[in-house]
*Asks:* 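Dumping the structure here so I can ask a few things about it.
Worth knowing before you read on, the calculation uses all heavy atoms, side chains too, and leaves out hydrogens, waters and symmetry mates.
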Amino acid sequence: MAGQEVMFFYLGSVGSIVILNAVQWGISRDSIYGLFTFQMFPSLINAVVFNLVLTNLERNLIYDVTLTAIHICYIALVDRLFNLKEQHSRLHHWFLIVQRVLVGLLIVDFVIDLSGADRHHNLIVWSLTVLSGAFFVGCCALSMWVAAQRRDLVGRFFLLGSFLVFLDEARALISFSGLIWATPIGPPSATANWLLLSMEVIIIFELLSFSLCLLLRQRQLAVARAVEQTRVEEQLRHEREQRQHESLIAELTQQRLEQEKKDVQLRALQAQVNPHFLFNSLNSLSSLIDDEPQRAGQFVDELSVVYRYLLKANDQVLTTLADELDFIQSYYRLLKTRYGSGLDLTIQVKADHLTRLLPPLTLQLLVENAVKHNVTLPRRPLSIWVYTDEDGYLLVRNNLQRKQVRVLSNGVGLSTIASQLRNLEQPAPVVEEEDGFFIVRLPLIMPLESREIIAS
């Protein structure tokens, strides 16, 4: 086969592979196809330059740049394809060092070429070229080892391609070192054409191996995406069934709540809207009308807010913690009018807990319970804290200073709260006495769990 025919065969084969991979890169948007495409371009450039009339300096500069680009793209391709940064971190760092060394050697080679030195008889150029080739041959050997670890067709085709790269680079390194296989200089001969053809056939098979490797990898990725999509669809189906199940449970719970609603409302009215509270509020209002008319008007407004909320709460199963806190502030101001500095309320609730749900009037029950059973004097103030913890629970705590005269109690307040939480399938409130404090801990309900209950 004549030299020109060899070149046309090589350009046609490599050009076709470049075009196919460039198209695949455009379709898949996979950066690995981009690296492989960039790796093949210098091979085409070298083949074209080989047939152009150029000076030795121009030819050497183009050859050095394209060869270094091929080496760097190949190393980057191995790094990205086998995810060396995570799978083989030391090898990843070594490859980065080799890439920088190759660029550094290219720069030094440029300087020597531009200085006008004869590279064929320059020991420094010879040493740099041999060193660069040795570094890359070592990278090829390591890449074959990495590819061999992957026991599938992707790894095997990449192993074959890397082996062909290794052979070609080893041949070039040995040839340049002057030991054997020296490249013929002079008019084309049968031996030169045979050597050129063998080199180009190796490069073509090398590029075909890498192309098949990337094609199989793309197929594996497509299968993995299909499996993942199937898994996601199955998960979504399971979630839909779970939501339907939860909806059914919520509906049954709502029916049970409706059956007990009247009883709950009656017990709530017994616990909160008791005649004593209304009587005490009216007495406080009576004393304010004569002495402080302006405060009396504010007191009436607060009393209106409290009773409006009380009446509204009887038609609700749940309310937000934010609404409950607004109500308890108004209720506390009514109590404050009566007890003055003998009563103190502190609220420390995280903002992300304000949308949580709880049975209405829960806080009023607990605050009233604390006031009912403890001394509230200016010299011995009753302090009440309302706060939430990291687990999403609401805590109401007060210092224990029980009245000497035991207050009769039927326990309606805490039993009402426990009954409502039980109907909502929530944990029962925990009541503790610890270090002189009375603490009630009860769960807050996530809005999603009770959305249908609230809507109804």
*Asks:* Using the rule given for salt bridge (Lys or Arg N to Asp or Glu O under 4.0 Å), can you reason through Arg237 versus Glu233, listing the C-alpha separation, both sets of side-chain angles and the distance that settles it, and then say yes or no?
*Replies:* CA-CA 6 Å; Arg237 184 186 64 80; Glu233 291 176 353; over 6 Å; no
*Asks:* Give the C-alpha distance, both sets of side-chain angles, the deciding distance and a yes or no for salt bridge (Lys or Arg N to Asp or Glu O under 4.0 Å) between Arg231 and Glu228.
*Replies:* CA-CA 5 Å; Arg231 188 191 66 80; Glu228 177 63 18; 2.6 Å; yes
*Asks:* Just so I know, are the side chains of Leu365 and Ile417 near enough to count as touching, which here means a heavy-atom distance under 4.5 Å?
*Replies:*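 Contact flag for Leu365/Ile417 side chains = yes.
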*Asks:* Any heavy-atom pair between the side chains of Tyr339 and Pro381 that's under 4.5 Å?
*Replies:*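 SC-SC contact between Pro381 and Tyr339 ruled out.
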*Asks:* Indicate the ring-plane relationship of Tyr74 and Phe136, choosing parallel, tilted or perpendicular according to the 30° and 60° boundaries.
*Replies:*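 Rings of Tyr74 and Phe136: perpendicular, over 60°.
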*Asks:* Does any non-hydrogen side-chain atom of Leu357 lie less than 4.5 Å from one of Thr320?
*Replies:*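 Yes, side chains in contact.
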*Asks:* Going by heavy atoms in the side chains, are Ser143 and Phe166 under 4.5 Å from each other?
*Replies:*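 With C-beta onward as the side chain, the pair stays apart.
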*Asks:* Do any side-chain atoms of residues 144-151 form donor-acceptor pairs under 3.5 angstrom with protein atoms, and if so which ones, sequence neighbours left out?
*Replies:*
residue	atom	partner	partner atom	Å
Gln149	NE2	Trp145	O	3.2
Arg150	NE	Asp152	OD1	3.3
Arg150	NE	Asp152	OD2	2.9
Arg150	NH2	Gln220	OE1	2.8

*Asks:* Evaluate the side-chain proximity of Val154 to Phe158: yes if any heavy-atom separation is below 4.5 Å, no if none is.
*Replies:*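 Contact flag for Phe158/Val154 side chains = no.
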*Asks:* Give, for atom CG of Asn374 and atom CZ of Phe438, the distance between the pair rounded to the nearest 0.5 Å.
*Replies:*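 Interatomic distance, Asn374 CG to Phe438 CZ, rounded to 0.5 Å: 9.0 Å.
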*Asks:* Do Leu382 and Val375 come close enough that some side-chain heavy atom pair is under 4.5 Å?
*Replies:*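 Contact flag for Leu382/Val375 side chains = no.
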*Asks:* How about Leu424 and Leu318: do any of their side-chain heavy atoms sit closer than 4.5 Å?
*Replies:*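 SC-SC contact between Leu424 and Leu318 confirmed.
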*Asks:* Less than 3.5 Å apart, which donor and acceptor atoms pair up between the side chains of residues 388-395 and the rest of the protein, not counting sequence neighbours?
*Replies:*
residue	atom	partner	partner atom	Å
Thr388	OG1	Lys350	N	3.4
Thr388	OG1	His353	ND1	2.9
Asp389	OD1	Asp391	N	3.1
Asp389	OD1	Gly392	N	3.2
Asp389	OD1	Tyr393	N	2.8
Asp389	OD2	Arg441	NE	3.3
Asp389	OD2	Arg441	NH2	3.0
Glu390	OE1	Lys350	NZ	3.1
Glu390	OE2	Lys350	NZ	2.5

*Asks:* Work out which heavy atom in Leu442 is nearest to a heavy atom in Pro429; give both atom names and the distance.
*Replies:*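 Scanning both residues completely, I find the closest heavy atoms to be CB-CB, 4.0 Å.
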*Asks:* Table please: side-chain donor-acceptor pairs of residues 76-87 below 3.5 Å, with sequence neighbours left out.
*Replies:*
residue	atom	partner	partner atom	Å
Asp79	OD1	His92	ND1	3.0
Asp79	OD2	His92	ND1	2.8
Arg80	NH1	Ser31	OG	3.4
Arg80	NH2	Ser31	OG	2.7
Asn83	ND2	Glu86	OE1	3.3

*Asks:* Between Tyr387 and Thr346, is any side-chain donor less than 3.5 angstrom from a side-chain acceptor?
*Replies:*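 No - no donor-acceptor pair under 3.5 Å links their side chains.
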*Asks:* Do Val396 and Thr362 have side chains that get closer than 4.5 Å, going by heavy atoms?
*Replies:*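 Answer no - side chains too far apart.
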*Asks:* Run the numbers on Glu239 and Leu236 for side-chain contact (heavy atoms from CB on, under 4.5 Å), then give the verdict.
*Replies:* CA-CA 5 Å; Glu239 290 177 355; Leu236 290 175; 3.8 Å; yes
